[in-house]
2 protein chains.
Amino acid sequence: MLAVIATVGRYKKGELIYQEGAIADRVFNVITGVVKSYRSAGNRRQRIIGFLFPQDIIGLADRGRYVNSARAITPVTLYRIPTAALEARLHRNPEFDYQVICKLCRELREAQQHAFLLSKHRAVAKLSLFLQMLETQQSSEGRLSEEILVPMSRADIGAYTNMSSEAVSRSFQELIRRRVISIRERRHIKILDRAGLEDIISEIRGSSKSMSQPLPRV
Amino acid sequence: MLAVIATVGRYKKGELIYQEGAIADRVFNVITGVVKSYRSAGNRRQRIIGFLFPQDIIGLADRGRYVNSARAITPVTLYRIPTAALEARLHRNPEFDYQVICKLCRELREAQQHAFLLSKHRAVAKLSLFLQMLETQQSSEGRLSEEILVPMSRADIGAYTNMSSEAVSRSFQELIRRRVISIRERRHIKILDRAGLEDIISEIRGSSKSMSQPLPRV
DNA sequence: CGTTCAGTTGATCACGGTCAAGCCCAGTGG
DNA sequence: CCACTGGGCTTGACCGTGATCAACTGAACG
């Protein structure tokens with residue numbers, strides 16, 4: 001495993017793990033908690049590249065420098081692996097290589113999924129897809145639950161889905177109004193109507209269900 | 001090299017290389033030409049995941065099925081590599097592995113770049129960034145030229161940048177009006193004002209240059 | 001030459017960004 | 001224990017941008 005050549009790091013909520021542009025001398029492997037990977041797009045507006053969960057790798061570099069920053073959004077523990085040691089292993093350990101390749105493929109598919117999300121036009125569609133992604137993430141982690149846990153803030157969701165936090169909020173409200181989800185304590189979401197969610201994601205004009213049972217304020 | 005276990009394939013412009021959902025028994029390595037990788041998003045509207053140029057790998061799979069379709073947008077030649085043979089090599093050839101990892105990292109960075117592009121608000125900013133990406137792609141391929149070659153249609157650019165082909169067209173016209181680029185025969189673009197392009201990409205309200213020299217029709 | 005499809009241009013309108021105000025809740029200190 | 005405060009979140013109003021529909025031009029093809 002990676003652990004052999006690694007040290008363990010602990011970060012509290014909101015703490016910076018590494019900064020864009022710094023010399024990339026280690027890669028990280030999340031053990032517990034959630035990390036956001038982001039880029040500060042000049043005008044103090046930050047774009048979130050992805051959220052990272054246990055097992056994920058962060059710290060990819062281009063020409064020896066980190067290409068984005070990473071910050072803990074919950075308390076986080078992770079392995080820190082010196083890149084030097086890693087590279088040495090990469091050249092002589094095929095089994096190990098293979099695992100890295102698999103993780104890269106996974107990350108690649110997620111980046112493409114993200115691009116797919118961003119290419120949705122309607123705000124509710126983006127948010128719905130985001131929720132679905134969170135759910136698959138959590139179910140794949142074995143955390144089989146009725147509720148989806150949303151560890152990140154509305155602003156972070158906005159920075160990921162490329163909408164204002166206001167729009168995130170409004171879209172949540174619309175999903176509630178349409179009886180597609182319900183929210184408990186702002187961080188716990190339950191999906192009530194999976195078919196409805198799918199319809200919204202595929203950007204169908206008016207869902208058949210919402211036609212048959214008229215809703216307030218439309 | 002990959003070539004040892006591969007056969008060569010030829011496709012004409014517009015031809016399908018593989019289809020989303022089909023059993024993924026080979027991966028491909030582009031030799032010449034340009035390929036688009038896309039997903040048909042239900043309502044006959046297709047989203048382009050990426051454009052692929054010589055040296056690029058396509059045919060990534062999830063659970064044995066291709067996750068997207070690929071189509072030649074120019075005449076294309078490529079290597080076809082049976083996945084079975086590939087996997088066998090992956091387990092026993094570290095040097096080879098390393099190359100695959102590098103290509104995956106590159107593709108990953110491109111996917112993230114794509115997501116970054118999609119998260120721009122203004123249409124001209126998206127198009128400008130797209131042109132910049134095309135340029136870096138072509139200069140890295142050694143094709144050092146004054147002009148950028150745009151092998152794909154306006155509709156394809158739209159499907160990649162997530163805007164209508166009309167908006168692509170209008171944005172091109174605006175860049176011309178602002179004297180940032182010039183276009184020859186619709187496929188050959190020259191960048192006249194690199195600083196101006198950068199300004200537009202970083203979504204600065206009004207570029208200083210365009211302020212100093214008033215433009216028609218603004 | 002005619003047909004067809006890519007690209008351009010014009011007009012209209014809905015969506016979401018922005019600014020602004022208010023609300024809710026957690027954390028803090030008296 | 002309660003009041004205070006600040007930040008996250010929600011809601012409202014207004015307006016600009018680009019999607020959409022539609023008409024037209026131009027280019028490539030047989």
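What's counted below: heavy atoms across the whole structure, side chains too, no hydrogens, waters or symmetry copies. Each chain gets a letter, A, B and so on, in the order its sequence line appears, and its residues count up from 1.
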Quiz prompt | Under-4.0 Å side-chain N/O to phosphate OP1/OP2 contact, R154(A) with dT10(D) | solution = yes

Quiz item: Distance check: side-chain N/O of R187(B) vs OP1/OP2 of dG7(C), anything under 4.0 Å?
Solution: yes

May I have the distance from [X] (atom [atom1]) to [N] (atom [atom2]), rounded to whole angstrom?
{"X": "I183(B)", "N": "dT8(C)", "atom1": "CD1", "atom2": "P", "value": "7 Å"}
{"X": "D156(A)", "N": "dG7(D)", "atom1": "CG", "atom2": "C1'", "value": "14 Å"}
{"X": "K126(A)", "N": "dC15(C)", "atom1": "NZ", "atom2": "C1'", "value": "11 Å"}
{"X": "R186(A)", "N": "dC23(C)", "atom1": "CZ", "atom2": "C1'", "value": "8 Å"}
{"X": "H188(A)", "N": "dC9(D)", "atom1": "NE2", "atom2": "C1'", "value": "16 Å"}
{"X": "L127(A)", "N": "dC9(D)", "atom1": "CG", "atom2": "C1'", "value": "14 Å"}
{"X": "M163(B)", "N": "dA19(D)", "atom1": "CE", "atom2": "P", "value": "6 Å"}
{"X": "E203(B)", "N": "dG16(D)", "atom1": "CD", "atom2": "P", "value": "17 Å"}

Quiz item: Going by atom types only, do Q55(A) and E141(A) share a side-chain donor-acceptor pair under 3.5 Å?
Solution: no

Quiz item: Residues from residues 165-175 of chain B sitting under 4.0 Å of DNA chain D, heavy atoms only?
Solution: E166(B), A167(B), R170(B)

Exercise. Salt-bridge test for R106(B) and D56(B): reply yes if a basic N is under 4.0 Å from a carboxylate O, no otherwise.
Key: yes

Quiz item: What are the two closest heavy atoms between A72(A) and I17(A), and how far apart are they?
Solution: N-CD1, 4.0 Å

Exercise. Looking only at non-hydrogen atoms, find the nearest pair between E20(B) and V67(B) and report the distance.
Key: CG-O, 3.8 Å

Quiz item: Pick from F116(A), Y160(A), F172(A): which one makes a ring-ring contact (aromatic ring centres under 6.0 Å, His included) with F130(A)?
Solution: Y160(A)

Practice problem: Please examine the side chains of I191(B) and E147(B), heavy atoms only from C-beta on, and report whether any two atoms are closer than 4.5 Å. | Solution: no

Quiz item: Reckon S153(A) touches a base, only the sugar-phosphate, or nothing at all at heavy-atom distances under 4.0 Å?
Solution: sugar-phosphate

Quiz item: What is the ring orientation for Y18(A) with F28(A), classed by angle as parallel under 30°, tilted 30 to 60°, or perpendicular over 60°?
Solution: parallel

